[in-house]
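Presented below is the structure to which this report refers.
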Amino acid sequence: MVAPVLEIRNLCVDYRTPGGIFRAVDDVSFSLDAGERFGLVGESGSGKSTTILALMRMLRGGLVSSGTMRLNGRDLSTLGTEEFRRLRFADMSLVPQGAMSSLNPVIRIREQIADIFDDHGVRHSSAERTRIIGDLLQRVGLAPEVQDRFPHELSGGMKQRVCIAMSIALKPSLILADEPTSALDVMVQKQVLGTLGRVQRELGAAIVLIGHDMALMAHFVTPTASMYRAGRSEFGRGRGASATPGHATRRSWINSLPSFESTAAIRRRPTQSAGAV
Amino acid sequence: MAALGNSLARLYANRSLFAGLSLLLLIVLVALIGPLLIDPALSRVGATIPRLPPSADHWFGTDGQGRDMFTTMILALPQTLRIGIAAGFISLFVGVALGLIAGFVGGVVDTIIRVASDVMMTIPGIAILVLVASYVRVMTVDLMAIIVASLSWMVAARTIRAQTLTLRERGYVAIARLNGTSGLKLIFVEVLPNLLPFIAASFVVTVTSAMLATVGLEALGLGPQNDLTLGMSIYWAQFYGAILRGLWWWWGPPIVLIVLIFIGLLLTSAGMDGFVNKRLEGN
Amino acid sequence: MAKLLEVRDADVVFTSGFGGREKKRALSGVSIAVGGPHPAITAVVGESGSGKTTLIRLLLGFQSPTRGEVVYDGKPMATMSAPDRARFRREVQAIFQDPFDAFNPFYRIDHPLLAPLRQFGLVRSRDEAYARIEKTLESVGLRPDQTLGKYPHQLSGGQRQRVMIARALLLDPQIILADEPVSMVDASLRSTILDILYGLNRDLGISLIYVTHDLTTAYQVADSIVVLHGGQVMEVGETEQVIHDPRHPYTRALIDAVPSPDPDTPWNLDEQSGVPARFAPDEAPRPLHRTGPLRAVAGSVGDPGDVVTAAQIQLAVSAARAAEKPA
Amino acid sequence: MYGEYVLRRLGTMLLVIFLAISINFLLPRLMPGDPVEAQLNQLMATGGGVSDITAMVESYRARFGLDQPLLSQYFAYWQSIFRLDLGVSLAAYPEKVTDAIAGGLPWTLGLLGFATLVSFLVGSLLGGLMGWPRTPKALRIFGNGVVVLSSVPYFLVGMILLYVFAIVLRWFPAGGGIPFGLQLGFNWPTVSAVLWHATLPAISIIAAEIGAWALGMRGMLVSVLGDDYIALADAKGLKPGRIFLRYGMRNALLPQLTKLALALGHIVSGAILVEVIFSYPGIGFRLYQAIQSKDYFVIQGIVLLLSVSIAIAMFILDLIYPLIDPRITAKGK
């Protein structure tokens with residue numbers, strides 16, 4: 001049985017704050033096979049992004065206090081800095097949330113994609129490189145000529161597509177998408193998410209999608225994968241991404257969400273008698 | 001207020017700011033207390049035997065004109081500080097006022113102030129100061145402060161204008177307008193308190209550039225002729241070839257004092273940048 | 001007779017660049033109304049850059065239109081006398097989007113609560129002021145002892161948003177303009193705050209303009225919906241009709257872009273064409289044609305009814321709803 | 001779009017030059033009691049070392065045309081500017097001001113240009129390294145030392161260097177530009193002599209200015225490293241060197257260039273004083289001499305030349321800026 005693409009066991013991440021240790025991720029475990037789509041849902045500050053940062057070893061100030069993370073069977077904690085650097089975007093890539101500000105504003109799109117190849121030892125002739133980058137952009141619904149443009153000349157949706165193109169440049173086996181569409185307009189959101197889904201399926205990679213819009217997630221995640229509901233209390237210390245074993249009962253929980261069909265619309269309630277204040 | 005309490009704690013944490021402020025405090029104390037402890041007569045020309053190296057009774061030796069260097073330094077320090085700080089306050093006041101007006105009034109007024117400050121920045125201050133100073137027959141400490149101030153207001157104006165433009169768009173300013181506040185009250189109650197760290201930072205930068213210009217002018221001999229300042233003592237040392245004749249104690253002490261002042265100012269402004277940026281990230 | 005605040009056929013054009021050559025049309029030919037005899041809630045829905053925030057600034061008097069006018073209680077804003085302007089300032093209040101930007105970090109949150117009471121002379125003493133403040137804080141679900149005396153950074157986003165609502169209520173306003181009041185608040189709190197806003201209309205008879213990019217929340221609270229795109233009104237009408245029977249292609253695309261939380265209803269995510277359909281707003285604004293007693297759509301769809309303004313449809317909807325609700 | 005940007009920057013430059021010339025014209029006339037006249041009378045009274053005093057007074061009268069209304073004097077002044085006739089030197093009559101200045105120009109340009117370039121580039125790189133987390137601690141301490149040193153004003157550094165290296169150690173000449181009686185020519189003796197004399201002044205400018213650039217750059221890089229595109233570059237598994245140079249420094253350099261443009265006035269001021277300390281034959285020293293001898297036309301000429309050259313230098317920097325930051329021409333700065 002081939003090892004799962006990603007296997008996280010009892011992951012805990014702590015932050016040292018003036019008010020003592022803050023446990024951002026509290027005993028999270030889940031695993032993913034190739035091609036699987038996994039949704040990580042929760043409100044802001046619920047630790048869902050921290051899990052991804054811990055995976056990519058980009059925790060600023062945080063510390064993985066316990067738990068193991070295995071990518072394609074390899075325990076990530078055993079890798080040295082240089083080894084881990086080579087693994088980034090080759091085996092595991094990231095689609096950032098703030099696409100608007102995630103591209104280097106002073107160099108062309110072409111150079112930012114070429115960097116990935118160069119620093120992972122992938123050599124091309126310049127003509128070949130142009131063709132490869134052109135294909136990559138076309139796969140995410142952008143014209144090949146976009147590679148000669150600067151980031152400020154592209155719309156929010158186009159910038160996010162460039163980030164998706166980057167994330168599949170080295171054909172990784174796992175894509176981490178940290179709220180890739182929350183900064184975009186509603187209409188563009190659907191197109192970009194659709195592109196991400198299509199590209200991930202063509203690549204056969206596993207994908208972890210982080211988000212707080214549960215309705216959006218429900219449509220993206222394949223029925224088999226389960227969803228973690230990351231709790232966050234209003235005051236005081238936030239609880240980490242609590243581990244919900246097996247499948248959350250999606251039906252009951254979804255009904256509580258505002259939507260056009262649900263009858264829980266506030267407006268429908270009979271008008272109370274006046275004079276509340 | 002709690003805000004002041006925790007900022008003092010952060011002050012201590014910001015080592016360079018703490019070091020800078022304590023150095024400046026020490027210098028100001030020396031400038032205030034020093035003159036009370038020495039006999040000013042010793043600083044008059046011919047009061048002592050000239051060109052004596054540092055010794056027991058003349059700690060800093062004597063200069064070529066027979067003045068006791070230690071006494072001269074103690075009297076010169078407050079004068080130089082006075083010019084620098086007076087020029088600092090004048091140009092800060094002008095700069096903040098223009099910055100606020102440009103930031104809030106906007107339109108043509110803003111363009112005029114912005115272009116004026118940019119143009120004045122390009123003209124080499126020392127050249128204009130030289131021109132003006134060479135016309136003035138009798139240069140006094142206060143007149144020098146005004147002349148120097150006329151060319152160091154631009155820094156404050158630019159910083160405060162930039163900050164006012166951003167603060168003006170903040171939500172709480174709009175809320176204040178909804179609460180019925182308007183005009184000057186809006187500026188002084190809502191915007192000014194948040195400008196304080198930037199005003200403090202600009203003050204340090206302005207005093208530094210004013211001091212630099214003052215000492216520069218004095219080194220060219222354009223400082224106050226009959227007042228004793230650190231810059232002028234360097235000029236007289238250089239004028240009488242003290243450097244070539246190796247009388248290091250004539251130009252050494254003023255240089256050391258000036259260097260200490262500037263190091264204090266630099267540490268404070270570097271510390272303040274950290275403090276100001278933190279506030280930017282803070283809210 | 002509750003007062004009416006109207007924007008009449010307004011254009012807002014921002015000029016910038018060298019010699020003012022670059023022109024950006026934020027709003028063109030927009031007529032919106034709020035208040036009037038039957039207090040109601042109108043949702044103005046639009047994506048970023050649709051001109052919805054500019055519309056709020058017009059209604060608040062923070063921005064004057066390049067063409068057209070803003071009228072309150074029959075008096076044009078531009079030529080309003082000082083007392084009328086003071087009364088306008090008190091009766092038309094607003095709530096903003098960013099809870100972290102709406103409070104001056106230098107002061108405790110008591111400052112923006114005391115200021116309106118003092119500025120409009122609504123209280124004679126400090127105790128009377130605090131009494132009113134505490135009552136209003138409670139009405140928005142906040143406990144005064146856990147809120148007053150604190151600095152903004154000591155309160156959560158949700159708390160701050162409710163303090164902002166309380167501030168508006170202190171002036172007994174007739175109209176509240178809410179600019180994306182829940183978009184930066186956690187989902188769990190969103191419905192609580194929407195509940196409060198709806199309560200203001202239902203219980204206190206306050207009329208609201210609720211500006212949002214999120215159609216589902218608009219559906220939750222609004223009586224009528226105005227769809228704004230590129231500074232022009234695409235469609236306006238009673239909420240149920242607009243949501244379940246959208247006429248304008250842009251409205252249809254907006255509704256289609258919202259995923260129904262029930263995964264079984266199809267959302268055809270995977271058949272997405274690469275490039276999204278572009279709805280470039282045409283240069284000259286297309287007039288609104290009435291397609292039903294409580295509906296109007298921009299441009300001729302089928303046989304165009306008579307030309308009408310969004311304001312007229314809004315008022316028609318609020319009148320119709322008033323007829324339904326028991327007096 | 002680039003055309004419009006160039007036009008606007010050209011306009012600013014011309015405005016600065018216009019204002020500099022106007023200030024230069026107005027300043028002497030605003031002064032209470034025209035010191036030029038006082039100076040001349042004093043010279044006439046003592047029949048000072050100038051041979052034909054009356055001729056000079058006439059040239060002075062014609063020069064200013066005192067009786068004419070201010071406006072026509074202003075136009076006369078502008079005409080003389082275009083004819084590059086900045087008047088006549090009082091101290092070294094009949095030498096024209098332009099000749100007096102021309103002599104010093106190459107020296108100052110060489111010294112100033114070289115010192116500013118070196119201190120800007122080395123200072124910025126040092127500052128960047130001080131802000132980069134992976135830099136070894138020793139370099140950071142060295143950097144902080146340089147920054148503290150830079151707080152000392154130019155000419156004081158000059159004085160100290162002069163005393164230590166010229167007087168005590170005698171490694172360098174105590175002043176001047178070239179040894180007396182040396183044939184100027186493009187041969188090694190001249191060049192080596194020039195370099196030898198220019199070393200101490202250059203070092204004092206660099207020592208005083210390098211810290212300011214380092215401090216500025218460190219602050220900029222630290223703030224740039226907080227941006228999202230650095231996080232993504234890190235996530236992309238790029239080599240640290242590339243992140244530092246192409247993502248960090250490239251973006252942090254932009255505000256430094258703006259600061260360079262704004263600091264030109266201050267740098268020139270410092271250079272003038274250094275020339276005075278080392279009696280280096282540039283226009284700074286020439287200005288100092290003009291002050292000593294109250295040679296007003298030469299003073300005005302030099303001040304005007306400095307302002308105009310700085311305005312031109314700023315214009316050149318403005319042209320370079322959009323090549324580094326493509327966003328500039330997009331929305332027009």
Side-chain angles (χ1 to χ4, degrees), chain B residues 16 115-116 118-137 151 154-155 158 208-209 211-213 215-217 219-222 231 234 237-238 242-246 248 251-252 254-256 258-259 261-267 269-270 273-274 277 280-281, chain D residues 12 15-16 19-20 23-24 27-28 31-33 35 38 144 147-148 150-156 159-160 162-163 166-168 174 211 215 219 222-223 226 261-270 272-273 276-277 287-288 290-292 294 296 299-300 302-304 306-307 310-311 313-314:
Chain B
S16 73
V115 166
D118 286 355
V119 164
M120 292 285 280
M121 291 283 260
T122 61
I123 296 170
I126 208 83
I128 297 294
L129 288 174
V130 154
L131 212 55
V132 171
S134 57
Y135 283 120
V136 169
R137 262 180 294 301
L151 278 157
M154 297 83 76
V155 171
R158 288 175 64 89
T208 310
S209 67
M211 292 286 279
L212 198 62
V215 173
L217 267 177
L220 289 177
L222 291 166
I234 293 177
Q238 203 257 344
I243 300 175
L244 302 177
R245 287 155 58 197
W248 55 268
W251 45 272
I255 288 186
V256 168
I258 290 177
V259 164
I261 294 171
F262 276 100
I263 288 178
L265 286 169
L266 176 89
L267 287 175
S269 80
D273 281 352
N277 293 344
L280 274 181
E281 287 140 25
Chain D
T12 320
L15 178 67
V16 167
L19 283 172
I23 289 175
N24 236 320
L27 223 51
M31 286 296 146
N144 286 328
V147 164
V148 170
S150 77
S151 62
V152 179
Y154 286 64
F155 43 89
L156 298 186
M159 273 185 167
I160 297 163
L162 183 68
Y163 180 68
I167 312 295
V168 175
L215 195 61
V222 166
S223 73
L262 293 175
L264 286 176
H266 155 76
I267 293 172
V268 165
S269 309
I272 292 170
L273 300 171
V276 169
I277 298 293
L287 177 64
Y288 175 65
I291 299 163
Q292 298 298 84
K294 292 217 190 299
Y296 291 109
I299 296 175
Q300 282 183 347
I302 292 178
V303 168
L304 185 62
L306 290 178
S307 317
I310 286 173
M314 279 182 78

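All values reported here derive from a predicted model rather than from experimental measurement. Below, read A as the first sequence line, B as the second, and so on, with proteins coming before strands; counting in each chain starts at 1.
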Atom group of V222(D) that falls short of 4.5 Å from chain B, counting heavy atoms: neither

Got a second to check how far M154(B)'s CE is from L262(D)'s CG, nearest 0.5 Å? 9.5 Å

If you take all heavy atoms of F262(B) and S151(D), which pair is closest and at what distance? CB-O, 3.1 Å

For V268(D), is it the side chain, the backbone, both or neither that has a heavy atom under 4.5 Å from a heavy atom of chain B? side chain

Closest heavy-atom pair and its distance - V148(D), L266(B): CA-CD2, 3.9 Å

Could you please spell out the steps behind the side chain to side chain contact (heavy atoms under 4.5 Å, CB included) verdict for D118(B) and T12(D)? CA-CA 9 Å; D118(B) 286 355; T12(D) 320; 5.9 Å; no

Please name all residues satisfying ring-ring contact (aromatic ring centres under 6.0 Å, His included) with Y163(D), sequence neighbours left out, ordered by chain then number. W251(B)

Assert top hit (heavy-atom pairs under 4.5 Å, partner chain D, pool V259(B), L265(B), T208(B), I263(B)) equals I263(B)

Heavy atoms of M159(D) and I234(B) approach each other most closely as CE-CG2, 2.9 Å

Which portion of L15(D) sits near chain B, non-hydrogen atoms under 4.5 angstrom: side chain

Please identify each residue that fulfils side-chain hydrogen bond (donor to acceptor under 3.5 Å, both in side chains) with N144(D), with sequence neighbours left out. none

